Amino acid sequence: MSFLKKIAKARELSSFLFLVALFLIVGLINPAFLSGTSISACFNTSVVYTLIAVGMAFAIFIGEIDVSVGSNLGFVATVVGSLLRDGANWAFAFTVGILIGAIIGLINGWGVAIMKIPSLIFTLGTNGVLRGMMYIYAGGAWVENLPKSFKDFSSVTLIGGFTVYYCCAVLLVVGVHCLLTRTRRGRYFIAVGDNAGGATLVGIPATQTKVWAYVICGVLSAVAGIIFCSRIGFVTSTSGSGYEMKAVAACVLGGISLTGGVGSVIGAAIGAVIMASISYLLVFMGFSSNYDNAITGIILITIVVADALMQRRNAVRNCHDRLAARTAESAAVKGGAPQ
C-alpha cells in the first residue's frame with residue numbers, strides 16, 4: 001500500500017498522465033494519430049530533447065541553470081559533422097565531440113562553482129562564444145554531404161518501431177536514475193541543490209559536485225549534438241538554437257523544481273517527449289507547426305507559475321503546522337505544570 005502511495009505522490013506521474021491525456025485528445029480529434037507508427041515517431045523524435053533535458057536536469061538539481069546546451073549541441077554537431085564529411089572514422093569523431101562537450105561543461109562548472117559567477121550570466125556568455133565559434137569553424141556554411149551510413153543509422157529500429165538511438169537514451173535515463181537514487185555520490189546532486197551550505201557541513205563536496213553536474217550536462221549535450229547530426233543529416237549555423245528553452249521546459253514539465261533539489265531524470269525524459277511531440281501533434285490537429293515555440297513558452301510559463309504557487313502553499317502549510325505543534329506543546333507544558 002505504501003508503494004502505491006509513493007507512486008501516487010511522484011511528480012513524474014502527473015507528467016506521464018498529461019502525456020497520455022495529450023495523446024488521447026489528439027487521437028479523438030484525428031483517429032489517424034492513434035497508430036503505433038505515429039506514437040513511436042513522437043518518442044523517436046524526442047531523443048535529442050531527452051539527452052539535453054537530462055543534462056539540464058543535473059544543472060537544475062544543484063540549483064543552477066545552463067543556457068549554453070543548445071550552442072554546445074550545435075558546435076559539437078558542426079565539428080563531428082565536418083570530421084565525418086572529411087573522412088574521419090566514427091570513433092575518432094565521436095571522441096572529439098564528447099571531449100569538446102566535457103571541456104565546455106568544465107568551463108561552465110569552473111565559472112559557476114569556483115568563480116561564483118551567476119549561472120545564467122556565465123552560461124549565456126558561453127552560449128555566445130560557442131555560436132561565434134560555430135560560424136568561424138564552418139565559415140558560415142552548412143555542414144553537408146555526411147556519410148550515408150551515418151545518416152541511415154538514425155532510422156535503424158529495434159523493438160516496436162523505436163530506434164536504436166531512443167532505446168539507448170531510455171537505458172541511459174534508467175541508469176542515471178539508479179545512479180542518482182541508489183548511490184551515495186548520486187544523492188549529492190539533490191543534496192547540494194536542496195541546501196548547499198548544509199550539504200557542505202555534513203561533508204558533501206558542494207563545489208566539486210557542481211562542477212561534475214556541468215561536466216555531465218556538457219557531455220550529454222555533446223552526445224545530443226552527435227545524434228542531431230545523424231538524424232538531420234546536415235548542420236547549419238543556427239542548429240541547436242532555442243533548445244535550451246525546450247530543455248528547461250521539459251525539466252519543469254517533468255516535475256523538476258527550478259529552485260533545485262527536487263525531481264528526477266525520468267520526469268525530464270517524459271517532459272522531453274511532450275516537448276518534442278508538440279509540432280507533430282499540431283499537424284494532426286490541423287494547425288501549423290509555427291505555433292510550436294509559442295505553445296512551448298505558454299507551457300513553460302504556466303508550469304513555472306503553478307510550481308511557484310504550489311511551493312508557496314506548501315511553505316505556508318508547513319509554517320502553520322509548526323505553529324500548531326508549538327502551540328500544542330506549550331499548552332501541554334502549561335497543563336502539566338503544578339498549580
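Note: hydrogens, waters and symmetry copies are ignored here, and every other heavy atom, side chains too, is used. Predicted model, so just to flag it, every value in this text is computed and none were measured.
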Worksheet item: Sequence neighbours excluded, which residues qualify as ring-ring contact (aromatic ring centres under 6.0 Å, His included) partners of F43?
Response: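 Residues passing ring-ring contact (aromatic ring centres under 6.0 Å, His included) with F43: F162, Y166.
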Discussion item. Checking Y280 now: which residues fulfil ring-ring contact (aromatic ring centres under 6.0 Å, His included) with it, not counting sequence neighbours?
Written reply: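 ring-ring contact (aromatic ring centres under 6.0 Å, His included) check on Y280 returns F284.
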Got a second to check how far [X]'s [atom1] is from [Y]'s [atom2], nearest 0.5 Å?
X	Y	atom1	atom2	result
I278	L22	CD1	CG	8.0 Å
I52	I227	CD1	CD1	11.5 Å
F153	T163	CZ	OG1	9.0 Å
N145	L84	CG	CG	12.5 Å
M56	K246	CE	NZ	13.5 Å
I65	L124	CD1	CG	10.5 Å

Discussion item. Could you check whether atom CD1 of I159 has more than 12 heavy atoms from other residues, nucleotides or ligands sitting under 6.0 Å from it?
Written reply: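 Incorrect, the count does not exceed 12.
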For [X] and [Y], which heavy atoms make the closest approach, and how far apart are they?
X	Y	value
S40	G160	CB-O, 3.9 Å
S257	I60	O-CG2, 3.2 Å
A57	V265	CB-CG1, 4.4 Å
V143	G81	CG1-C, 3.5 Å
V69	C217	CG1-SG, 3.5 Å
C42	S277	CB-OG, 3.3 Å

Please say yes or no: joined through hydrophobic side-chain contacts below 4.5 Å, possibly via intermediate residues, are [X] and [Y] part of one cluster?
X	Y	answer
I121	V112	no
V156	L146	yes
V26	L28	no
M275	I298	no
I107	M115	yes

Is a side-chain N or O of [X] found less than 3.5 angstrom from the main chain of [Y], in a donor-acceptor match?
X	Y	answer
T50	A272	no
R187	T181	yes
S15	L253	yes
N72	T126	no

Who passes side-chain hydrogen bond (donor to acceptor under 3.5 Å, both in side chains) against [X], sequence neighbours left out?
X	result
Y165	S230
S38	S35
T45	none
S68	D66, N108

Within the 4.5 Å heavy-atom criterion, are [X] and [Y] side-chain neighbours or not?
X	Y	result
V248	L258	yes
L180	S264	no
L51	L73	no
T207	K116	yes
S241	R131	yes

Discussion item. Please enumerate all residues that pass salt bridge (charged side-chain N to carboxylate O under 4.0 Å, His left out) together with K148, with sequence neighbours excluded.
Written reply: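 K148 satisfies salt bridge (charged side-chain N to carboxylate O under 4.0 Å, His left out) with D152 once adjacent residues are dropped.
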Practice prompt. Output every pair passing ring-ring contact (aromatic ring centres under 6.0 Å, His included) with a member in residues 53-87, not counting sequence neighbours, ordered by first then second residue.
Written response: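 Every ring-ring contact (aromatic ring centres under 6.0 Å, His included) pair that includes a residue of residues 53-87, provided the two are not neighbours, is F58-F189.
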Worksheet item: What ring-ring contact (aromatic ring centres under 6.0 Å, His included) pairs are there with at least one residue in residues 227-278, not counting sequence neighbours?
Response: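 Residue pairs with at least one partner in residues 227-278: Y49-Y243, W142-F234.
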For residues 191-206, run the donor-acceptor check on the side chains, cut-off 3.5 Å, and write out each pair with its distance to 0.1 Å, sequence neighbours left out.
unit_1, atom_1, unit_2, atom_2, d
N195, OD1, G197, N, 3.3
N195, OD1, G198, N, 2.9
T200, OG1, A196, O, 2.9

Discussion item. Before you tell me yes or no, could you show the steps for L220 and L172 under side chain to side chain contact (heavy atoms under 4.5 Å, CB included), namely the whole-Å CA-CA distance, both residues' side-chain angles and the distance that decides it to 0.1 Å?
Written reply: CA-CA 10 Å; L220 290 178; L172 175 68; 3.6 Å; yes
Discussion item. Testing the 3.5 Å rule here: is there a donor-acceptor pair between the side chains of T236 and S239?
Written reply: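 There is such a pair (donor and acceptor under 3.5 Å, judged by atom type) between the side chains of T236 and S239.
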Item to complete: Evaluate the side chain to side chain contact (heavy atoms under 4.5 Å, CB included) criterion for residues F18 and I270: first the C-alpha distance (whole Å), next the side-chain angles of each, then the deciding distance (0.1 Å), finally the verdict.
Response: CA-CA 10 Å; F18 178 74; I270 296 173; over 6 Å; no
Discussion item. Does anything in residues 52-64 form a side chain to side chain donor-acceptor pair (under 3.5 Å)? List the pairs, not counting sequence neighbours.
Written reply: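 Matches after skipping sequence neighbours: E64-S119, E64-K210.
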Run the side-chain donor-acceptor check on residues 90-103: report pairs under 3.5 Å with partners two or more places apart or on a different chain.
unit_1, atom_1, unit_2, atom_2, d
T95, OG1, A91, O, 2.7

